[in-house]
Amino acid sequence: MQETGIVSARKVTPKKGLLNIDTHSLWLNLILIFLCLLFLGTVRLVMNQPLSGDEPAYMLMDYSVAHDGTFNLSKGYNDKAFQSFTPGSPTIEGSPAPGTQAPAKDYSQHGIGLPLFLLPGFSLGTLLTSSVHLAARYGAVLEMLLLATGVIVLTWIWTNEVTKNRRVAYIASGLLAISYFFSGLAGYIYPDMLTSALLLGAMIMVERYYSTLLLQILLGIILGFLVLVHIKTLDLVAPVLLVLSYKLWKTNHRLPWATFLVVALFVAYYFISYHQWFGVWGIQTANGSGGSQFGDNPLMSVSAMMFDSFRGFLVYNPVMILIFLGLPVWFKKSPKSLGVALVATLPSIAVLSYFFQWNGGDAPLGRYIIDVLPVYIPALAFAIEILTRSWEKVFIVLASLATFLITVDATFGRFPLIDPGLEANMTRSPLFIQLQQHTGLAIDRFLPMASQYLFYHTTFIDKHGLMKTIFWWLVVLAFFIYGIYLARGRGHKAPVKKRLGATL
């Protein structure tokens, strides 16, 4: 009997390949990945927004590397290559800061990590058609769509690793894909999606794959490349290194010197090249802005980021409020992985909370949130797993449906498109205008409207804005408290038979 049981158990145990993926579900995974790419590509194609903001700068950097083998932008400007990527004539971003001894060459203030990542797509695009610049642009956009799909895959791997529940990992990762703050950014040439992918990769490796020297070197390359993507990612790199050091010391009584060395080489390269290009040492940007964009009231910034009627994260992605409910459940079921997530991301969240351009200017909604938010998708999965009552399941379905419909509406309506920091451009979101036309309800009147007054601090400019903000924070707190209630077994005591059994 025992031998038969062992054989039977072996038959039902699925074989697992790299990164704990069930190889028996390979075709299902491939189909889901294709559907994800198709959905994200459709959103990007329908919106079809021209390159704007920082995007032309990254494309011009790729143009310089592909044609001249250097990040010097002078030839690209002289050839007017930028006209293929954006209308008008952008200013040279490599202008030296006042009082600095910058070389005559012109370089971009942006990190070189994203252009290096996009170089394959950019180069492939130039080979496919005679319209070199147009093909290169769409080659880069396609690569960014593939990257966004990769973030969903990495989110599933990370969530499955934490929850040990493949089904809810699928659902939670799918909800991330249909959320407007994510799908609205997919395909756009900004570094934040790449930051998210690299951070997720580092988190997965720190959770399971860090014991050998080769894997530690690979992790060092991932973390080091993060620095090249943007220097601000040091607030992610340093905590991840701290977590890795703790885990390796606890298990093997040694430190990851190889990882430290590789990261140090990347950091050294960043500062040396920065000094060669601009003649200064430091983290300040080439145009001299440096840390002048920081110092805002963190409570105001975070509140605006969450609840602003024009760009609020929870406003456009209501299902994500379940993350707050799932955090206590995550702590109950897997406190170590939650601790790793908090240590790795809280410094970055704290820095962002002091940044007065919390909305990313006129960039796609949620640009900065995407850096760290996928790390917390396991909380969403835990919430879905524990909400088992009928009315709770109905709430999940309705919140998910609302999130999806908002994404579809935003895609076809192409909103929001203006920077709400400019008070002259303040207007109601098309989403709430449409809702009022169909229902007669001005729902956004219950939401605060935040503005960046003169781009120096965030404030609420509507009537009773502070009271509305307090109310919505109380709603978030209610979800968190209910999560504690669920994590403790819905407040019920164990059955009598179970207590007696434990006593005996």
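Residue Thr469 holds its OG1 atom at 12.0 Å from CE of Met306, rounded to the nearest 0.5 Å. Considering CD of Glu161 and OG1 of Thr159, their distance stands at 10.5 Å, rounded to 0.5 Å. The CE atom of Met305 sits 11.0 Å away from the CG atom of Leu314 when rounded to the nearest 0.5 Å. In this structure, the separation between CE on Met61 and OH on Tyr63 is 15.5 Å, given to the nearest 0.5 Å. Distance check, rounded to the nearest 0.5 Å: OG of Ser173 to CG of Leu380 gives 9.0 Å. With values rounded to the nearest 0.5 angstrom, Leu176 atom CG is found 4.0 Å from Ile152 atom CD1.
Nearest heavy-atom pair across Leu154 and Gly201 is CD1-N, 4.5 Å. When every heavy atom of Leu325 is checked against every heavy atom of Val329, the shortest pair comes out as O-CG2, 3.8 Å. Looking at every heavy atom in both residues, Val302 comes nearest to Ser353 through CG2-CB, 3.6 Å. The two residues Asp62 and Leu116 make their nearest non-hydrogen contact at OD1-N, 4.5 Å. Among all heavy-atom pairs drawn from Gly220 and Val262, the shortest one is C-CG1, 3.4 Å. Shortest non-hydrogen contact noted between Ala177 and Phe39 is O-CE2, 3.5 Å.
Within the 3.5 Å criterion, the main-chain N or O of Met449 finds a donor-acceptor partner in the side chain of Asp462. Distance alone, capped at 3.5 Å, places no donor-acceptor pair between the Ser123 side chain and the Pro120 backbone. Panel note: side chain Thr259, backbone Leu219; no donor-acceptor pair is recorded below 3.5 Å. Side-chain atoms of Asp308 come within 3.5 Å of backbone N or O of Ala450 as a donor-acceptor pair. When atom types are taken as modelled, the side chain of Thr251 and the backbone of Leu248 share a donor-acceptor pair closer than 3.5 angstrom. The main-chain N or O of Leu255 is never found under 3.5 Å from a side-chain atom of Ser245 such that the two would form a donor-acceptor pair.
Between Trp257 and Phe260, the two ring planes are tilted [angle within 30° to 60°].
Side chains of Tyr180 and Thr403 form no contact here, defined as non-hydrogen atoms less than 4.5 Å apart. Trp158 places a side-chain heavy atom less than 4.5 Å from the side chain of Glu207. Ser301 is not listed as a side-chain neighbour of Phe355, based on a closest heavy-atom distance of 4.5 Å or more. Using a 4.5 Å cut-off on side-chain heavy atoms (C-beta onward), Glu143 and Phe122 make no contact. Counting heavy atoms from C-beta outward, Val476 and Phe480 have side chains that stay 4.5 Å or more apart. No side-chain heavy atom of Lys232 sits less than 4.5 Å from a side-chain heavy atom of Thr195. Using a 4.5 Å cut-off on side-chain heavy atoms (C-beta onward), Phe313 and Leu373 make contact. Between Leu236 and Val372, some side-chain heavy-atom pair lies under the 4.5 Å cut-off.
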Side chain to side chain contact (heavy atoms under 4.5 Å, CB included) assessment of Met320 paired with Phe182: CA-CA 12 Å; Met320 291 297 162; Phe182 184 89; over 6 Å; no
Working for side chain to side chain contact (heavy atoms under 4.5 Å, CB included), residues Val153 and Ile33: CA-CA 7 Å; Val153 174; Ile33 291 172; 3.7 Å; yes
Full working for side chain to side chain contact (heavy atoms under 4.5 Å, CB included) between Phe117 and Val229: CA-CA 9 Å; Phe117 173 79; Val229 172; over 6 Å; no
Chi angles and distances behind the side chain to side chain contact (heavy atoms under 4.5 Å, CB included) call for Phe382, Val162: CA-CA 10 Å; Phe382 279 124; Val162 172; 3.8 Å; yes
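More than 12 non-hydrogen atoms from other residues, nucleotides or ligands lie less than 6.0 angstrom from CZ of Phe266. Within 6.0 Å of CZ in Phe331 there are 12 or fewer heavy atoms belonging to other residues, nucleotides or ligands.
Residue Thr233 forms a side-chain contact (heavy atoms from CB on, under 4.5 Å) with just one option from Val240, Leu226, Leu228, and that option is Leu226. A ring-ring contact (aromatic ring centres under 6.0 Å, His included) with His110 holds for exactly one of Tyr58, Phe71, Trp277; it is Tyr58.
Under the rule for a side-chain contact (heavy atoms from CB on, under 4.5 Å), the partners of Val267 that lie at least two apart in sequence or sit in another chain are Val227, Leu234, Val263, Phe271.
Between Tyr316 and Phe181, the distance from one ring center to the other does not fall under 6.0 angstrom.
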Compile the donor-acceptor pairs under 3.5 Å between side chains in residues 334-349 and protein atoms, sequence neighbours left out, one pair per line.
{"unit_1": "Ser334", "atom_1": "OG", "unit_2": "Ser337", "atom_2": "OG", "d": "2.5"}
{"unit_1": "Ser337", "atom_1": "OG", "unit_2": "Trp330", "atom_2": "NE1", "d": "2.8"}
{"unit_1": "Ser337", "atom_1": "OG", "unit_2": "Ser334", "atom_2": "O", "d": "3.0"}
{"unit_1": "Thr345", "atom_1": "OG1", "unit_2": "Ala341", "atom_2": "O", "d": "2.7"}
{"unit_1": "Thr345", "atom_1": "OG1", "unit_2": "Tyr376", "atom_2": "OH", "d": "2.4"}

